[in-house]
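First listed ligand is number 1; within each ligand, the first listed atom is number 1.
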Amino acid sequence: VDKRQDFKVADLSLAEFGRKEITLAEHEMPGLMAIRREYAEAQPLAGARVTGSLHMTVQTAVLIETLVALGAEVRWASCNIFSTQDHAAAAIAVGPNGTVDDPQGVPVFAWKGETLEEYWWCTEQALTWPNTPTGGPNMILDDGGDATLLVHKGVEYEKDGKVPEVDTAESDEHRVILELLHRTITDGSQKWTQLASEIRGVTEETTTGVHRLYEMHRDGTLLFPAINVNDAVTKSKFDNKYGCRHSLIDGINRATDVLIGGKTAVVCGYGDVGKGCAESLRGQGARVIVTEIDPICALQAAMDGYQVTTLDEVVDKADIFVTTTGNKDIIMAADMARMKHQAIVGNIGHFDNEIDMAGLAKIPGIVKDEVKPQVHTWTFPDGKVIIVLSEGRLLNLGNATGHPSFVMSNSFADQTLAQIELFTKPDAYPTDVYVLPKHLDEKVARLHLDALGVKLTQLRPEQAAYIGVEVEGPYKPDHYRY
Ligand code: NAI
């Protein structure tokens, strides 16, 4: 494969802009840069072929170049059709030493506004390694689990000796996946089985992807070990919360520029993401109402000062609706039909099934119109309009640029350390789902203190003995919840 063609991005000429933003981001990502320095000589990822499926943003570019700096070869796709920042993708394709005419970077397959067919094609390209024994990666870095899912589905069909039937598809996206598998699996083929056999493990970024991994492990179908990066404390208690606190209102502002102060906003779900979103909206002066199914999270929301009620109670009164549950069918077409004129509806959970977009489109006489990319009005037959952001996909990445660098430095330092763990210690991780060891979690936090001027108190040996920990940590038992 000609390296100059082994990528697909929107516009290579955006590379210079991308490189400038990557350079600015590097300073804001002290954890990743410290890891680059620490492991520059050891090259722990030498020999690793990492397939990444994660939003192709500026911050991800710094992650990719960190993996490369540690010795890995990398192929990349975005994990959402709207989340790519085209200048970041271009800069990654060109690479720090290449030019637009002579790109020398990482094979990346990602652009903003992919169709579902293109999206899964990109995922397939990231998983397809030219000139390697199995034609595949030996590590996966996943966000939401789509790369992992594709490999597992392929293996499942090959094991059953079945060629996937496209007409059994349950949704548009399912049809696209089946078409891809249909194209790559012929009678008796072992393409995916072989590809999976060399994969040492996957490190998974988000709640929803982690959920899939535990399900596969429970069902006995998980093919290789996984590290649940999401549940590193320095990931979910930071990225999911403080990241969304930043990027939720960024998305709403860029999409609509509506004044949030004084409005009534409903946040569905009060987990880590919901907590950040509620705070973000309250920070702008909105009156925030929370919905929850979990009594503990409902009580937390109440104690934090939010009204907690059902969507049904407030659907016709609120101005802004945000789903954060990682669950399906949260806001249905019938709910949207009851909303106020120009109510804003968006999702920040990983998949687009929190909002019933299919049901909305089926309302007789409804008219969809594009205001600008990723912002659509839906006009009901009576003239009432609602505004839907990013077609129900995660709005902080669709309408804005996702989380800022500093918080992603924590998540991606976790990712990098998790990749090193699985790649360099395969015997320590038999097939199962693991969380990052706590000393690494604490290490990641430590790497971010200086930049914020934090002065940590040094535990004295007799104090350490008194509370039963080592002076150098870990400082908390595994069950501690932060
Ligand atoms: P979480 O599990 O901490 O929180 C979800 C909450 O939703 C839970 O408290 C749950 O009880 C609640 N919930 C479930 N069904 C509900 C229903 N029918 N009505 C109301 N509440 C309901 O998960 P987390 O970490 O907050 O993640 C949520 C979603 O956001 C996941 O899909 C995750 O992958 C995604 N995510 C998105 C990010 C982004 O940048 N857009 C960043 C991090 C995570």
Side-chain angles (χ1 to χ4, degrees), residues 53-55 57 59-60 78-80 82-83 142-146 204-214 228-252 266-280 289-302 304 306 308-315 321-332 335 346-356 374 389-390 392-404 407-408 410-412 414-415 481-482:
S53 166
L54 193 151
H55 311 291
T57 64
Q59 292 70 34
T60 301
S78 209
C79 65
N80 183 280
F82 293 138
S83 65
D142 224 348
D143 182 350
D146 279 350
E204 169 56 52
E205 175 83 1
T206 199
T207 317
T208 288
V210 162
H211 179 70
R212 282 181 171 179
L213 288 170
Y214 284 113
N228 160 1
V229 171
N230 181 69
D231 286 294
V233 181
T234 46
K235 201 285 182 178
S236 46
K237 298 294 169 188
F238 289 81
D239 165 323
N240 303 28
K241 184 178 176 190
Y242 305 119
C244 289
R245 183 176 71 179
H246 171 103
S247 60
L248 172 75
I249 55 159
D250 190 10
I252 296 173
V266 177
V267 175
C268 301
Y270 200 67
D272 291 320
V273 169
K275 288 178 176 75
C277 291
E279 192 182 342
S280 161
I289 299 172
V290 168
T291 75
E292 253 297 344
I293 49 112
D294 179 337
I296 296 178
C297 298
L299 189 60
Q300 276 182 314
D304 286 339
Y306 300 108
V308 183
T309 186
T310 62
L311 183 66
D312 193 50
E313 288 280 314
V314 289
V315 73
F321 296 84
V322 182
T323 54
T324 79
T325 69
N327 200 347
K328 63 171 186 167
D329 300 343
I330 303 302
I331 298 181
M332 303 306 289
D335 298 317
N347 164 49
I348 195 165
H350 191 79
F351 285 121
D352 62 343
N353 51 356
E354 302 208 22
I355 300 172
D356 178 21
Q374 287 87 53
L389 308 186
S390 287
R393 293 168 198 274
L394 25 78
L395 76 93
N396 60 329
L397 282 136
N399 298 93
T401 52
H403 297 351
V407 85
M408 294 316 293
N410 288 267
S411 311
F412 289 166
D414 288 326
Q415 275 287 4
R481 294 194 177 89
Y482 297 86

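Side-chain contact of Asn410 with Thr234: a donor-acceptor pair under 3.5 Å is absent, judged by distance alone.
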Considering only distance and modelled atom types, tabulate donor-acceptor pairs under 3.5 Å from the side chains of residues 271-279, sequence neighbours left out.
{"from": "Asp272", "atom 1": "OD1", "to": "Lys237", "atom 2": "NZ", "distance (Å)": "3.0"}
{"from": "Lys275", "atom 1": "NZ", "to": "Tyr270", "atom 2": "O", "distance (Å)": "2.8"}
{"from": "Lys275", "atom 1": "NZ", "to": "Gln300", "atom 2": "OE1", "distance (Å)": "2.8"}
{"from": "Glu279", "atom 1": "OE2", "to": "Arg245", "atom 2": "NH1", "distance (Å)": "3.0"}

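Residue Leu395 is tested with Leu248, Asn347, Asp250 for a side-chain contact (heavy atoms from CB on, under 4.5 Å); the sole match is Leu248.
Residues satisfying the side chain to side chain contact (heavy atoms under 4.5 Å, CB included) criterion with Asn228, sequence neighbours excluded, are Val210, Tyr214, Asn230, Asp231, Val433, Val435.
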Show me a pair-per-line table, with atom names and distances to 0.1 Å, of protein N or O atoms that are under 3.5 Å from an N or O of ligand 1.
{"from": "ligand 1", "atom 1": "3 (O)", "to": "Asp272", "atom 2": "N", "distance (Å)": "3.3"}
{"from": "ligand 1", "atom 1": "9 (O)", "to": "Glu292", "atom 2": "OE2", "distance (Å)": "2.6"}
{"from": "ligand 1", "atom 1": "11 (O)", "to": "Glu292", "atom 2": "OE1", "distance (Å)": "2.8"}
{"from": "ligand 1", "atom 1": "15 (N)", "to": "Asn327", "atom 2": "ND2", "distance (Å)": "3.1"}
{"from": "ligand 1", "atom 1": "25 (O)", "to": "Thr207", "atom 2": "OG1", "distance (Å)": "2.7"}
{"from": "ligand 1", "atom 1": "25 (O)", "to": "Asn240", "atom 2": "ND2", "distance (Å)": "2.9"}
{"from": "ligand 1", "atom 1": "26 (O)", "to": "Asp272", "atom 2": "N", "distance (Å)": "3.2"}
{"from": "ligand 1", "atom 1": "26 (O)", "to": "Val273", "atom 2": "N", "distance (Å)": "2.8"}
{"from": "ligand 1", "atom 1": "27 (O)", "to": "Thr207", "atom 2": "OG1", "distance (Å)": "3.4"}
{"from": "ligand 1", "atom 1": "32 (O)", "to": "Thr208", "atom 2": "OG1", "distance (Å)": "2.5"}
{"from": "ligand 1", "atom 1": "32 (O)", "to": "His350", "atom 2": "N", "distance (Å)": "2.9"}
{"from": "ligand 1", "atom 1": "34 (O)", "to": "Thr206", "atom 2": "OG1", "distance (Å)": "2.6"}
{"from": "ligand 1", "atom 1": "34 (O)", "to": "Thr208", "atom 2": "N", "distance (Å)": "3.2"}
{"from": "ligand 1", "atom 1": "34 (O)", "to": "Thr208", "atom 2": "OG1", "distance (Å)": "3.3"}
{"from": "ligand 1", "atom 1": "40 (O)", "to": "Asn396", "atom 2": "ND2", "distance (Å)": "2.8"}
{"from": "ligand 1", "atom 1": "40 (O)", "to": "His403", "atom 2": "NE2", "distance (Å)": "3.4"}
{"from": "ligand 1", "atom 1": "41 (N)", "to": "Ile348", "atom 2": "O", "distance (Å)": "2.8"}
{"from": "ligand 1", "atom 1": "41 (N)", "to": "Asn396", "atom 2": "OD1", "distance (Å)": "3.0"}
{"from": "ligand 1", "atom 1": "41 (N)", "to": "Asn396", "atom 2": "ND2", "distance (Å)": "3.4"}

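The distance from the CD atom of Gln374 to the CZ atom of Phe82 is 5.0 Å, given to the nearest 0.5 Å.
Listed by first and then second residue, the salt bridge (charged side-chain N to carboxylate O under 4.0 Å, His left out) pairs that reach into residues 204-214 are Asp146-Arg212, sequence neighbours excluded.
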